[in-house]
Number of protein chains: 2
Amino acid sequence: MGSKTKKVPKASSKVNKEATHYHHGDLRQACLEGALKFIEQGEPNFSLRDLARKIGVSHQAPYHHFKSLGELLAGLAEAGYSEFANKLLEARSKAKGRALPAMGLAYTRFAYEKPHHYRLMFLDARVRIGEHAGLGAEAERSFSELLKGVEHDYKSQRLSRAQILSKAAAVWSFTHGLSCLLLDGRLDICGLKAPLSQKDFDGLSPV
Amino acid sequence: MGSKTKKVPKASSKVNKEATHYHHGDLRQACLEGALKFIEQGEPNFSLRDLARKIGVSHQAPYHHFKSLGELLAGLAEAGYSEFANKLLEARSKAKGRALPAMGLAYTRFAYEKPHHYRLMFLDARVRIGEHAGLGAEAERSFSELLKGVEHDYKSQRLSRAQILSKAAAVWSFTHGLSCLLLDGRLDICGLKAPLSQKDFDGLSPV
DNA sequence: AGCTAATCTTTACGTTGTCTAGATATGGCA
DNA sequence: TGCCATATCTAGACAACGTAAAGATTAGCT
């Protein structure tokens with residue numbers, strides 16, 4: 001592309017973190033942002049070289065910040081989980097009565113609004129949860145939000161820990177399955193189409 | 001393997017279908033079987049050239065039977081759906097009382113026993129349902145089995161068509177989500193591990 | 001036998017991920 | 001200030017991939 005896009009080597013008047021460096025300013029961040037754009041615009045199979053071209057660096061540069069494509073994607077997934085957990089938290093804290101219906105709807109809404117990000121987080125085989133420190137942590141935070149919702153809605157029933165976990169597993173399974181099937185349009189046959197309303201969701205949800 | 005496995009170019013005393021041909025005997029079938037082996041042995045990202053090598057033909061030969069890798073995978077997924085539908089049918093017809101619990105368990109069992117096949121059928125982005133004639137048909141047959149299960153278990157309640165479809169969507173969502181999360185080990189945190197027993201499943205299932 | 005079409009091989013091209021080596025900039029230390 | 005180890009980035013090379021084009025081989029029919 002343009003050869004006049006000279007980067008700014010002077011981005012360091014006050015270095016505070018560990019980024020904002022050198023030639024590109026902050027290549028690591030640029031990689032994440034560029035990759036995010038690819039994903040959000042529906043091209044989750046972009047190559048590392050595509051990414052390097054888009055950013056305007058050599059095809060090898062990203063390797064100095066990410067061991068592999070998988071690690072880069074894991075970084076994106078982690079950010080996704082963070083936002084996801086916040087959405088769940090928000091739904092729970094705003095809910096008047098029961099929390100789970102609102103959280104379930106927020107769950108499917110997230111999947112609907114960021115389908116490619118959702119796929120990256122939950123379905124992409126290239127992203128191996130557990131192989132990346134922060135990723136697993138952020139994913140567990142999402143789950144713990146769900147758990148709080150269950151505890152809230154069932155607190156009068158004095159369930160055992162095992163019963164609460166079982167309920168959470170059921171809720172998670174249903175909502176995840178619903179989101180996946182909706183994303184793939186597989187529920188068209190049932191007359192269901194995203195985005196779901198609260199009424200739609202409550203009509204379906206067995207919990 | 002052995003180099004003495006000369007193919008049978010003479011397989012045509014009575015040609016009945018449209019296969020059993022030429023050099024290889026039946027290359028199309030050989031491709032499907034070879035690809036199936038790759039998938040079942042946990043290498044769903046095999047290349048077309050890998051496949052051609054394994055079969056012992058040129059890397060270009062498969063192209064005469066499949067327009068693309070996606071089409072080949074679609075063929076496998078279709079066979080998977082066929083077996084899947086049969087499993088659901090079997091569970092339904094063998095069930096003494098309610099059909100759905102048995103069918104749900106059979107569903108998760110299939111996913112557990114053929115994880116890579118299940119991923120291919122439901123999660124692999126390379127397989128676009130709807131772009132392949134037989135694939136969509138076989139997938140719908142699976143769903144119609146589920147539908148029959150719902151009709152059976154709720155027939156005393158005289159539900160409307162829409163209500164039945166809604167129930168089916170809920171059951172499908174839950175069971176699919178459960179299978180996915182189990183496959184990825186994401187329910188370990190809840191103390192759940194595949195393969196599930198009927199008791200496990202019934203304890204979870206909200207339907 | 002000879003023709004046509006299906007089947008398969010060979011060769012070639014552009015792209016990818018990754019390895020290696022070399023260039024350039026940075027920040028700390030003498 | 002000058003220098004150097006190190007972090008950062010570029011450049012070149014390699015094997016493997018998907019796919020296309022064209023040539024060879026075989027089957028089935030007349």
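Just the heavy atoms: all of them, side chains too, but no hydrogens, waters or symmetry mates, feed the values below. Every chain is numbered from 1, with letters handed out A, B, ... down the list of sequences.
- Side-chain polar atoms of A:Glu90 and A:Asn86 form no donor-acceptor pair below 3.5 angstrom.
- Judged by distance alone, with hydrogens and angles left aside, B:His59 brings no side-chain donor or acceptor close enough to the base of C:dT10 to form a pair under 3.5 Å.
- The nucleotide whose nearest atom lies closest to any side-chain atom of B:Ser58 is, among D:dT10, C:dC8, C:dT9, C:dT9.
- Here B:Tyr63 does not reach the OP1 or OP2 of D:dA20: none of its side-chain N or O atoms lies under 4.0 Å away.
- Nucleotide D:dG18 holds its P atom 15 Å from the CZ atom of B:Phe66, rounded to whole Å.
- Using cut-offs of 30° and 60° on the angle between ring planes, the pair A:Phe122 and A:Tyr81 is perpendicular.
- Following rounding to the nearest Å, A:Leu69 (CG) and C:dG17 (P) show an atom-to-atom distance of 7 Å.
- As rounded to whole Å, 12 Å separates atom P of C:dC19 from atom NE2 of A:His64.
- When rounded to the nearest whole Å, the span between CG of B:Leu51 and P of D:dG18 equals 10 Å.
- In this pair, A:Tyr118 and A:His176 present their aromatic rings tilted. The plane angle is within the 30 to 60° band.
- Between A:Glu71 atom CD and C:dT18 atom C1' the separation is 15 Å, expressed in whole Å.
- Screening residues 102-120 of chain A for salt bridge (charged side-chain N to carboxylate O under 4.0 Å, His left out), with sequence neighbours left out, gives A:Glu83-A:Lys114, A:Arg119-A:Asp184.
- Not one side-chain nitrogen or oxygen of A:Arg28 sits closer than 4.0 Å to the OP1 or OP2 atom of D:dC9.
- Residues satisfying the salt bridge (Lys or Arg N to Asp or Glu O under 4.0 Å) test with B:Arg92, not counting sequence neighbours, are B:Glu145.
- For B:Gln60 against C:dT7, no side-chain N or O and base N or O form a donor-acceptor pair under 3.5 Å.
- For an aromatic pair to be called close, the ring centres must be under 6.0 Å apart, and B:Phe84 with B:Phe143 fails this.
- Of the residues in residues 38-50 of chain B, B:Ser47, B:Leu48, B:Arg49, B:Asp50 come within less than 4.0 Å of DNA chain D through at least one heavy atom, sorted by number.
- If you measure from atom CG of B:Asp26 to atom P of C:dA6, you get 17 Å, rounded to the nearest angstrom.
- Between A:Glu151 and A:Arg161 there is a salt bridge, since at least one side-chain N of the basic residue sits less than 4.0 Å from a carboxylate O of the acidic one.
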